[in-house]
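Written out below as structure tokens is the structure these notes cover.
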Amino acid sequence: MTRLAVALLCLALSPALVSAQDSLWEKYMAAGAESYGKGQLAEAEKMWLAARKEAESSFGPDDIRLAATLTNLAELYRRQGKYPQAGWLLRRALGITKKAKGSHHPQVASIVNNLGTLYATTGRMDAAERMFRRALILRERTLGPDSLEVASSLDNLALLYHDEDHFQDAVQLHRRALAIRERALGPSHPGVTVSLTHLASLYTDLGRYAEAEPLYRRILTIRQSALGQDHPDVAAALDALAELYRKQGKFALAEPLYKQSLAIKEKALGAENPGLVPTLNEAALFYQAQGKYADAEPLYRRALTINEKTFGPNDPELAKSLNSLAELCRKESKFGEAESLYKRALAIGEKSYGANHPEVASLLENYAVLLHQMGREQEAAPLEARARAIRSNGSGN
């Protein structure tokens, strides 16, 4: 559910309302947003905690500026896998905002949307759908049916349906969101590529490659024209097109795109930025699919190092990196290292997602496959049984 759109809030205040305290609060909020955008989560937390303290002391416990600060902190904690803290902050922010602005204000819709994202992240799909639908209705009523916020809500709801295999519903919602973005921004605006990317990804997952490819190429053309050849968003478009070719077995077309993407990101972001991780993982998967394990391994290890340095030892993204490297080690018959990596990934997954989340089930299944390969069937059986129980429960945590 990392594709879901969330709203970071930094309220625009009229000049007549801006005081010295307002200015300091705004500086903390802006500095936090800048750090968050760079993947510097510890620094973002420091700034937003300072903003929270400033808002509470200067404006009081029911001020809308405090609600905005709590909303941003909640998204940071969701990103770090601190789900109970994120939920508490969002609910408090929602209460403050309703009291200050009324139940039908656009900022209420933004917080409701973020609650939906939190629920989806933790596997509570029914609750997530209710929140996304509520946010969509609020935005349609308060902002109009053709607002970009409505397009964002449509895309979020479609992504939820995509993950639940309700593909036709997802296609219709993404198309409606795309039409809104094209009307509001123009067909060649980079903002249009948000819905284009979701729709192309959906077609790719359905195996409708002939429909996906022109969308990916349109995305690439729009971004190159609007942003320049060396922008990280151009690199992301190259990644997506390369991934499409990889899935079709068109390896000769995919490989130069991965290399071009990684070069752009390294130049734009630096060698240790978390923005490199998707390209590293996808390039590693590309080589792994061809049995070129020696080429894949250093890419997975580099992604793991970046994630650990950026997010710390207990982040969900780290669990994904550990699982990817463990899978490769298993294929290379490096069973001892693979087992160590699976155990660490499982511990992080259970702590981050909860013991009964579908992501945990996947980790259990992968670890069980390794144990079978090692001839340890008796140890694999309880892992498989636990994974089946999680899957049969369906809703996750």
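No experiment lies behind these values; they were computed from the predicted model shown. Along the sequence shown, residues are numbered consecutively beginning with 1. Computed over heavy atoms, backbone and side chain alike; hydrogens, waters and symmetry mates excluded.
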For the atom pair [atom1] ([X]) and [atom2] ([Y]), what is the distance rounded to the nearest 0.5 Å?
| X | Y | atom1 | atom2 | value |
| --- | --- | --- | --- | --- |
| S153 | L173 | OG | CG | 10.5 Å |
| Q288 | D295 | CD | CG | 12.0 Å |
| L136 | M131 | CG | CE | 13.0 Å |
| E359 | I348 | CD | CD1 | 13.0 Å |
| L178 | R183 | CG | CZ | 9.5 Å |
| L238 | L262 | CG | CG | 11.5 Å |

Below 4.5 Å, heavy atoms only, C-beta onward: do [X] and [Y] meet side chain to side chain?
| X | Y | answer |
| --- | --- | --- |
| E266 | L276 | yes |
| T279 | I264 | no |
| D63 | I96 | no |
| R181 | D155 | yes |
| Q248 | L253 | no |
| E332 | E297 | yes |
| S201 | Y216 | yes |
| P190 | D233 | no |

Can you check whether [Y]'s main-chain N or O pairs, donor with acceptor, with [X]'s side chain at less than 3.5 Å?
| X | Y | result |
| --- | --- | --- |
| T122 | L118 | yes |
| S392 | R388 | yes |
| S58 | A55 | no |
| S340 | E337 | no |
| H357 | T121 | yes |
| S352 | N314 | yes |
| S35 | A31 | yes |
| E75 | T71 | no |
| R302 | A271 | yes |
| K101 | V108 | no |

(Q) Using side chain to side chain donor-acceptor pair (under 3.5 Å), reason through Q168 and Y161 one step at a time and then give a plain yes or no. (A) CA-CA 9 Å; Q168 193 54 47; Y161 289 151; over 6 Å; no
Assess whether a salt bridge exists between [X] and [Y], defined as any Lys/Arg side-chain N lying under 4.0 Å from an Asp/Glu carboxylate O.
| X | Y | value |
| --- | --- | --- |
| K265 | E282 | no |
| K53 | E56 | no |
| K247 | D205 | yes |
| R376 | E339 | yes |
| E255 | K292 | no |

What are the two closest heavy atoms between [X] and [Y], and how far apart are they?
| X | Y | answer |
| --- | --- | --- |
| G349 | L363 | CA-CD1, 4.3 Å |
| I306 | L280 | CD1-CD1, 3.9 Å |
| A67 | T97 | CB-OG1, 3.4 Å |
| P316 | R79 | CD-O, 4.3 Å |
| R218 | P187 | NH2-O, 3.0 Å |
| D239 | S261 | OD1-OG, 2.8 Å |

Q: Quick one: do Y119 and E129 satisfy side chain to side chain donor-acceptor pair (under 3.5 Å)? Show the steps, please.
A: CA-CA 9 Å; Y119 291 147; E129 183 177 359; over 6 Å; no
Let me check something: do [X] and [Y] share a hydrophobic cluster, defined by ILVMFWY side-chain heavy atoms less than 4.5 Å apart, either directly or through other members?
| X | Y | value |
| --- | --- | --- |
| L41 | L49 | yes |
| F286 | L244 | no |
| L370 | L328 | no |
| L66 | W88 | yes |
| L241 | Y209 | yes |

Q: Measure up the W25 and F59 rings against each other and bin them: parallel (under 30°), tilted (30 to 60°), perpendicular (over 60°).
A: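 Because their plane-to-plane angle is over 60°, the rings of W25 and F59 count as perpendicular.
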Q. Relative to each other, are the rings of F167 and H162 parallel, tilted or perpendicular (30° and 60° limits)?
A.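 Ring orientation, 0 to 90° scale: perpendicular.
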Q) Are more than 12 heavy atoms from other residues, nucleotides or ligands located less than 6.0 Å from atom CD of E272? A)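 No.
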Q: Tell me, yes or no, whether the heavy-atom count around H372 atom NE2, taken from other residues, nucleotides or ligands under 6.0 Å, exceeds 12.
A: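 Yes, because the 6.0 Å sphere around NE2 of H372 holds more than 12 heavy atoms from other groups.
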Q: Evaluate side-chain contact (heavy atoms from CB on, under 4.5 Å) for N366 paired with Y342, printing each intermediate quantity in order.
A: CA-CA 8 Å; N366 291 346; Y342 280 133; 3.6 Å; yes
(Q) Using the rule given for side-chain contact (heavy atoms from CB on, under 4.5 Å), can you reason through H174 versus L159, listing the C-alpha separation, both sets of side-chain angles and the distance that settles it, and then say yes or no? (A) CA-CA 8 Å; H174 282 318; L159 287 167; 4.1 Å; yes
Q: Begin from the C-alpha positions of Y36 and E45 and carry the test side chain to side chain donor-acceptor pair (under 3.5 Å) through to its verdict.
A: CA-CA 8 Å; Y36 183 87; E45 181 180 17; over 6 Å; no
Q. When you check the side-chain N and O atoms of R391 and S362, is any donor under 3.5 Å from an acceptor?
A.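 Yes, because at least one side-chain N or O of R391 sits under 3.5 Å from a partner of the opposite role on S362.
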Q) When L90 is tested against each of V112, L73, L70, L115 for side chain to side chain contact (heavy atoms under 4.5 Å, CB included), which residue passes? A)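 It is L115, the one option of V112, L73, L70, L115 that forms the side chain to side chain contact (heavy atoms under 4.5 Å, CB included) with L90.
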